[in-house]
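Just passing along the structure, written as structure tokens.
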Amino acid sequence: MSLRVASLFIASFASIAAAGPAFQNFVVQETVRVVPAGFTKVGIAPASQNINLRIALPSRDFAGLEKALFDVSTPSSSNYGNHLSKAEVNAFLAPSDVAIAAVDAWLASHNLIANRSSSVGDWLSVNVAVSKANEMLSAQYENFAHRASGKTYARTLSYSLPSEVADFVVHIHPTTTFNNPRTLRPVISAPKPGIVADATPASCATEITPACLQSLYGIPQTPATETSNSIAYANQADLRSFLKTFRPDISSLTTFTLQTLDGGSNPQQSSEAGIEANLDIQYTIGVATNVPVFFVSVGENFQDGDLGGFLDIVNFLSDEDNVPQVMTTSYGENETDMSKALAFKLCEAYAGFGARGSSILFASGDGSVEGGQPQPCIEYQAAFPAGCPFLTAVGSTHGISPETGSAFSSGGFSNYWGTPDYQADAVAAFLNAQGTTNSGLFNASGRGYPDVSAQGENVQIVSGGSKGGVEGTSCSSPIFASVIGLINDKLIAAGNPPLGFLNPWLYANPGMLNDVTKGSNPGCGAKGFTARAGWDPVTGLGTPNFAKMLAAAGL
Ligand SMILES: *[C@@H]1O[C@H](CO)[C@@H](O)[C@H](O)[C@H]1NC(C)=O
Ligand SMILES: *[C@@H]1O[C@H](CO)[C@@H](O)[C@H](O)[C@H]1NC(C)=O
Ligand SMILES: *[C@@H]1O[C@H](CO)[C@@H](O)[C@H](O)[C@H]1NC(C)=O
């Protein structure tokens, strides 16, 4: 009896010894070689400093979701418009049971039980001290000052995971991503006192108002009718300043839903917040007449570890039973400042919203081809999330005769994602027409962006009672979103599904957009890309022609 127990004991001890101690064999996951410009190392992060680790688990079947997305978004498909349910999408995006068990066991070995960030279960979070994070990830957290915002962020230049979980974690944040938390604010281009004048063709050449857009793009003034239709704005603007400034202007006919995430009511610099919120609200209510608007205000105190609100919004929307039919967001990052694994993970979530019937629009960025890099730069900078192929990136134009691509408008080619099928012919035609211009400065096999464009200069807003012009792709994205919102209203009224993920439809119907063939986005001491007939990485396929888009939507 005692002999048997002893031999059992020895046997089990031997099997543990053969496997080695659990969770001790570290595999390097991601490394940053150079601290991105704009950040300065302050010193080692104190052991007791708190850090909220966000752990991304791999999706169970992203390839399946991608196939389903194109099946419901490609006009020639027999399943076009048969959008997936929340449960169907989340079943593709949820991690496997094996991954969950492995990660939970690793966390349990550190006496941690993770919090689930959403019902999908693919993002976990644990609050730990820096000393613990260093031990768990074989990392060395340091504090880095972000000069532009004056904020300090804990990051590590490298992190590792035990071999037992390395395949079951796609990314941990914050680690190697040095994202810039304040981006794509519209810039005041021409502040002028006074009140908004009525649009005349002459004034539209220098001042863009909702009336100008109605005339230029043929957008009707007739109010939308469908209450199930909605547009969402993901925005970092301060809620209090937003309400104080804009509540008197909200049309009583407009359903306006506010959702604050993550301390969204924390005060921010009201000047910036006011302009951004003004722009978004005035150019929805002013353009997408009577389409219900849903305003997502994300605080500075991001639960998502300074991911600019990307992750909070993704997790929030993935839990909603009904996603908004259109969502427009006016901030972005340099692609190189984002971990590739993190960028892919967020992009998968946008694919999920598209499969559920939501049109996801992002401003393409305001840094031309340069992305604000210190000069001289040797390569054009791509923008995130514009480079994600499962969303619609919107660039800027100005002027009316002819409408011209804006010099600041970001456009180009991703280094992270390859050219998707839906734009392969359009991109090949551009590359062929461009010849050797810009060669060596960009990745010709990448996803090209923007997809479309809209007016983005001298866009008139009212702020604090004064009229002023603003510019930026953050003007163009809400304008394009409003057009889509109005088309969705008519589709829903006719008993049809909303447009959902737009790109396969856009590239299949290039003639429904006003092709912009003038303008360029120079940078890095080079010419940048030039707008041409057909798709180009300055203005995409072009700007909206409402009547033609309605016809292409079968209305
Ligand atoms: C989970 O969330 C709760 C409530 O926010 C928090 O108190 C707790 O520390 C979290 N757990 C971990 C492991 O981070
Ligand atoms: C991109 O990086 C540059 C520095 O190289 C920085 O100045 C700029 O703000 C960044 N742009 C964004 C959108 O984060
Ligand atoms: C260029 O883009 C392709 C396709 O996404 C990618 O595989 C490759 O790594 C990129 N090249 C560079 C130098 O980043």
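Both ligands and their constituent atoms are indexed starting at 1 by order of listing.
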Fill in: Lys/Arg N to Asp/Glu carboxylate O, R116 vs D104, below 4.0 Å
yes
Worksheet item: Short list, please: which atoms of ligand 1 are under 4.0 Å from a heavy atom of N127?
Response: 12 (C), 14 (O)
Discussion item. Any nitrogen or oxygen of G446 lying under 3.5 Å from a nitrogen or oxygen in ligand 3? Just yes or no.
Written reply: no
Item to complete: Report the nearest protein non-hydrogen atom to atom 7 (O) of ligand 3: residue, atom name, distance rounded to 0.1 Å.
Response: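 The closest heavy atom on the protein side is N415 O, 4.8 Å.
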Worksheet item: Non-hydrogen atoms of G367 versus ligand 2: any pair closer than 4.0 Å?
Response: no
Discussion item. Within the 4.0 Å heavy-atom shell around Q373, which atoms of ligand 2 are there?
Written reply: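 Counting from 1, the qualifying ligand atoms are 5 (O).
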Item to complete: Look only at interatomic distance and state if N443 has a nitrogen or oxygen under 3.5 Å from any nitrogen or oxygen of ligand 3.
Response: yes
Worksheet item: Should we count CG of D319 as having more than 12 external heavy atoms under 6.0 Å?
Response: yes
Response to the item:
Here the atoms of ligand 2 under 4.0 Å from any heavy atom belonging to N334 are 1 (C), 2 (O), 3 (C), 8 (C), 10 (C), 11 (N), 12 (C), 14 (O)
Fill in: Atom of A343, atom of W417 and distance for their closest heavy-atom approach
O-CZ2, 3.6 Å
Worksheet item: Given the side-chain rings of Y350 and F390, with only the six-membered ring counted for Trp, is the space between their centroids under 6.0 Å?
Response: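 So the answer is no for these two rings.
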Discussion item. Please list, in number order, the atoms of ligand 3 under 4.0 Å from a heavy atom of S445.
Written reply: 1 (C), 2 (O), 3 (C), 4 (C)
Fill in: Distance filter under 4.0 Å to G332 heavy atoms, resulting ligand 2 atoms
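In order of number, 13 (C).
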Item to complete: Please check if a non-hydrogen protein atom sits closer than 4.0 Å to atom 5 (O) of ligand 1.
Response: no
Worksheet item: Given that the side chain starts at C-beta and the backbone is N, CA, C, O, which of these parts of I113 lies under 4.0 Å from ligand 1, counting heavy atoms, or is it both or neither?
Response: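 The answer is the backbone.
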Worksheet, complete the sentence: When I172, I113, L53, I51 are each screened for side chain to side chain contact (heavy atoms under 4.5 Å, CB included) with V126, the one that passes is L53
Practice prompt. Report the residue from P450, S453, P510 that forms a side chain to side chain contact (heavy atoms under 4.5 Å, CB included) with L541.
Written response: P510
Worksheet item: Which protein heavy atom lies closest to atom 8 (C) of ligand 1, and at what distance to 0.1 Å?
Response: N115 ND2, 3.8 Å
Worksheet item: Pick one: which of T175, L161, L137 meets side chain to side chain contact (heavy atoms under 4.5 Å, CB included) with Q29?
Response: L161
Item to complete: Kindly give the heavy-atom pair with the smallest separation between K345 and P58, and that separation in Å.
Response: NZ-C, 4.2 Å
Discussion item. Under 4.0 Å from atom 1 (C) of ligand 1, is there at least one protein heavy atom?
Written reply: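 Flag for atom 1 (C) of ligand 1 set to true, protein heavy atom closer than 4.0 Å.
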Worksheet item: Under a 4.0 Å heavy-atom limit, does W417 contact ligand 3 with its side chain, its backbone, both, or neither?
Response: backbone
Discussion item. Any heavy atom of G371 closer to ligand 2 than 4.0 angstrom?
Written reply: yes
Worksheet item: Only one of S406, S409, S396 forms a side chain to side chain donor-acceptor pair (under 3.5 Å) with S476, so which one is it?
Response: S396
Worksheet item: Do Q375 and E370 have side-chain atoms, one donor and one acceptor, less than 3.5 Å apart?
Response: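 Present: a donor and an acceptor within the cut-off.
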Discussion item. Using a 4.0 Å cut-off to any heavy atom of G418, which atoms of ligand 3 qualify?
Written reply: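 In order of numbering, the contacting atoms are 4 (C), 5 (O).
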